[in-house]
Amino acid sequence: STLLRTLFPYTTLFRSPILDRNGNTVKVVKFATDITEEKLYQESMKGQMHAIDRNQAIIEFTPDGIVVTANDNFQKTMGYGLDEIVGGHHRMFVDPAEVASPAYGEFWDKLRRGQFVAGDFRRFDRSGQEVWLRASYNPIPDRYGKTAKVVKFATNITEEKRYEQAIQRMVGQSTEVMGAVADGDLTRTIEGDF
């Protein structure tokens with residue numbers, strides 16, 4: 001078995017005793033199955049998941065939007081402890097007006113049907129501050145193909161969104177000032193920190 005383990009580091013061994021008529025063991029037959037490829041694949045997947053977990057905010061939901069778990073990155077991004085969100089509904093992170101909209105119900109219906117949803121999402125942290133997440137909601141099927149859970153992978157893009165919004169405000173004000181100048185009004189200015 002040492003030689004087998006050297007040649008095939010991931011091997012399952014089964015020993016089956018061969019008995020004589022009196023029930024005494026006369027020999028033992030060993031069956032070995034090489035599971036090296038399977039183990040290497042599992043290790044690779046584990047490494048990939050570890051890398052994703054280090055860099056992404058991850059949260060898992062039931063198909064109805066109930067929080068199952070979240071990684072440290074998600075908790076830090078949203079300012080919650082795990083005990084504060086597990087068992088709560090996704091809507092705790094969403095603007096109440098959005099939750100009340102038909103689109104929010106359709107969003108969860110789509111996920112339950114197994115359809116992937118990705119984009120930039122406006123959410124709110126524990127203190128009520130706006131947080132923008134570039135995220136994908138990924139339905140995970142059970143062995144029958146029915147959505148068993150939804151896993152969200154997200155990156156915090158709040159600063160990027162704030163910059164975009166500042167640029168949009170500046171462009172809007174610039175357009176207004178240029179229109180006023182064209183009409184002869186030289187008193188208008190562009191305000192704000194850009």
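Since the structure is predicted, the reported quantities are computational estimates derived from the model, not experimental observations.
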*Any Lys/Arg nitrogen of R123 or E98 sitting under 4.0 Å from an Asp/Glu carboxylate oxygen of the other?*
yes

*Spell out, as yes or no, whether a donor-acceptor pair under 3.5 Å connects the side chain of Q75 to the backbone of A70.*
yes

*Sub-3.5 Å donor-acceptor pair from the side chain of T158 to the main-chain atoms of W132, do we have one?*
yes

*Flag the pair E160 and R134 as a salt bridge only when some basic side-chain nitrogen lies within less than 4.0 angstrom of an acidic carboxylate oxygen.*
yes

*Contact summary for N73 and A57, nearest pair of heavy atoms*: CB-CA, 3.8 Å

*ring-ring contact (aromatic ring centres under 6.0 Å, His included) with F93: which of F121, Y104, F74?*
F74

*Rounded distance (nearest 0.5 Å) linking atom CD1 of I66 with atom NE2 of H90*: 11.5 Å

*Just how far is it from atom CG of L82 to atom OG1 of T69, taken to the nearest 0.5 Å?*
4.5 Å

*How long is the span from the CZ atom in F153 to the CD1 atom in I59, to the nearest 0.5 Å?*
12.0 Å

*Heavy-atom pair with the smallest gap, counting every atom of R112 and G105*: NH2-O, 4.4 Å

*Search all heavy atoms of L133 against all heavy atoms of M78 and return the closest pair with its distance.*
CD1-SD, 4.4 Å

*Angle class for the Y137/F61 ring planes (parallel below 30°, perpendicular above 60°, tilted otherwise)?*
parallel

_Could you go through V131 and T77, starting from their C-alpha distance and side-chain angles, then the distance that decides it, and tell me whether this counts as side chain to side chain contact (heavy atoms under 4.5 Å, CB included)?_
CA-CA 8 Å; V131 176; T77 298; 4.1 Å; yes

*Is it possible for you to say whether V94 and L111 belong to one hydrophobic cluster, with membership spreading through side-chain heavy-atom contacts below 4.5 Å?*
yes

*Does N22 reach the main-chain N or O of N24 with its side chain, forming a donor-acceptor pair under 3.5 Å?*
no

*Roughly how far, to the nearest 0.5 Å, is the CD atom of Q56 from the CG atom of N71?*
9.0 Å

*Quick one: do Y80 and V99 end up in the same hydrophobic cluster if we chain Ile, Leu, Val, Met, Phe, Trp and Tyr together by side-chain heavy atoms under 4.5 Å apart?*
yes

*Search all heavy atoms of F107 against all heavy atoms of V117 and return the closest pair with its distance.*
CE1-CG1, 3.6 Å

_Closest heavy-atom pair and its distance - A135, A154_ = CB-CB, 3.7 Å

*asked:* Under 4.5 Å between side-chain heavy atoms, counting indirect links through other Ile/Leu/Val/Met/Phe/Trp/Tyr residues: same cluster for V67 and F124 or not?
replied: no

*Verify the cluster assignment for V29 and V26: are they in a single hydrophobic cluster under the rule of side-chain heavy atoms below 4.5 Å apart?*
yes

*Identify the two heavy atoms, one from W108 and one from P63, that lie closest to each other, and give their separation to 0.1 Å.*
CE3-O, 3.6 Å

_How long is the straight-line distance from OG1 of T62 back to NE2 of H89, given to the nearest 0.5 Å?_
7.0 Å

*asked:* What's the separation between atom CG in D109 and atom CD in Q115, rounded to the nearest 0.5 Å?
replied: 10.0 Å

*Check the side chains of S136 and N138 for a donor-acceptor pair under 3.5 angstrom, ignoring hydrogens and angles.*
yes

